[in-house]
Number of protein chains: 2
Amino acid sequence: MRMTPLRRNVLALLVKAGEPVKAYDLLDQMRSEDGSAKPPTVYRSLDFLMEVGLAHKVEALNAYIACAHCHDKGGAELYICGKCGSVDERHGAPEPLNAPTGFETQRSVVEHYGLCAKCH
Amino acid sequence: MRMTPLRRNVLALLVKAGEPVKAYDLLDQMRSEDGSAKPPTVYRSLDFLMEVGLAHKVEALNAYIACAHCHDKGGAELYICGKCGSVDERHGAPEPLNAPTGFETQRSVVEHYGLCAKCH
DNA sequence: TCTGCGCTTGTGATATTATAACATAACCAA
DNA sequence: TTGGTTATGTTATAATATCACAAGCGCAGA
């Protein structure tokens, strides 16, 4: 598992976008430079980036973002503005108090959709 | 917007399943009775059920469940066991303390994946 | 240096999930 | 009863994601 030019390129595209990007939009961008990119190319790179904590999937949008807290593998809480598309990533929410007793969480998906401070 | 036999049937299938169900699995079940069901049939029914708060989408699974707290339209926190597939639905988590200032949440997706008390 | 192994990428096909667009039918109020 | 609204039927296609197998690359050890 190592960083490669291909993977670095995908990460760079995510960082440059600064907001959630669809896999096929990434693919289009890669194709405009490379021509030979195909879906597995981008999905594999995204899988790698998520595995090492450099990217997240925004589940309810089927989109991907660069992690704003690089080197942090844990789940993030995402605050996603429906108007301007910005995403504010937070970490470290406490364990919910109303969790079922005995439930052992391995991965959490927390996405809040609404309006950011600038957009309302 | 009213409950119809078709929509009631979709809800019944969700309730009977008792766990997250894929849209196309619902479709297969409907077809085995009806024969004429097509994707828009099931997706439209699911949209209706979610709109009135009788069903939720499990975003990270692309699956749907009956709401365990019927008549509650707000977001739910789902605790999903990766081993047995059970889903425990909770409501009423407090607003996160570390939210960005000024962010106005309209909809929240909260899904915790792990092992339920019985499965570990 | 060579060789073999594991990881990475290329490539074509296909699976899965979801929606668009338009036609028909059912419901219900005026 | 008629006209508008809501619901369903139907065909096609869009959008998202994975499989399977081949080829390349990089490096540890012979």
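Convention: sequence-line order gives letters A, B, ...; per-chain numbering from 1.
Of the residues near DNA chain D, A:Ala23 and B:Met3, the one whose nearest nucleotide (by heavy atom distance) lies more toward the 5' end is B:Met3. Comparing A:Phe48 and B:Leu61 by the nucleotide of DNA chain C whose heavy atom lies nearest to each, the residue mapping closer to the 5' end is A:Phe48.
For the OP1/OP2 pair of D:dA17 and a distance below 4.0 Å, the side-chain nitrogens and oxygens of A:Asn62 include at least one atom meeting the criterion. For the pair B:Lys38 and C:dA18, the criterion of a side-chain N or O lying under 4.0 Å from OP1 or OP2 is not met. Here A:Thr4 reaches the OP1 or OP2 of C:dT9: one of its side-chain N or O atoms lies under 4.0 Å away. For the pair B:Lys22 and C:dT16, the criterion of a side-chain N or O lying under 4.0 Å from OP1 or OP2 is not met. Contact annotation: B:Tyr43 does not reach the phosphate of D:dG9 (side-chain N/O to OP1 or OP2, under 4.0 Å).
Under 3.5 Å, the side chain of B:Arg44 and the base of D:dG9 form at least one donor-acceptor pair of N or O atoms.
Here the C1' atom of nucleotide D:dT18 and the CG atom of A:Leu27 are 14 Å apart, to the nearest Å. Distance, B:Glu51 CD to D:dA7 C1': 14 Å, rounded to whole Å. Atom CE in B:Met1 sits about 18 Å away from atom P in C:dC27, given to the nearest Å. For the pair A:Arg2 CZ and C:dT9 P, the interatomic distance rounds to 7 Å; values are reported in whole Å.
In this structure, the side chains of A:Leu49 and A:Met3 come closer than 4.5 Å at one or more pairs of heavy atoms. Side chains of B:Leu46 and B:Leu14 form a contact here, defined as non-hydrogen atoms less than 4.5 Å apart.
Both geometric conditions, a ring-centre gap below 5.5 Å and a plane tilt below 30°, are not fulfilled together for B:Tyr24 over the base of C:dT16.
Ranking C:dG12, C:dG10, C:dT19 by closeness to the A:Pro40 side chain, first place goes to C:dG12.
With 3.5 Å as the limit, one finds no donor-acceptor pair spanning the side chains of B:Glu77 and B:Tyr79.
Among residue pairs with one or both ends in residues 7-24 of chain A, none qualify as salt bridge (Lys or Arg N to Asp or Glu O under 4.0 Å); sequence neighbours excluded.
Among the heavy atoms of the strands lying under 4.0 Å from A:Arg7 are primed sugar atoms or P, OP1, OP2 only; no base atom is included.
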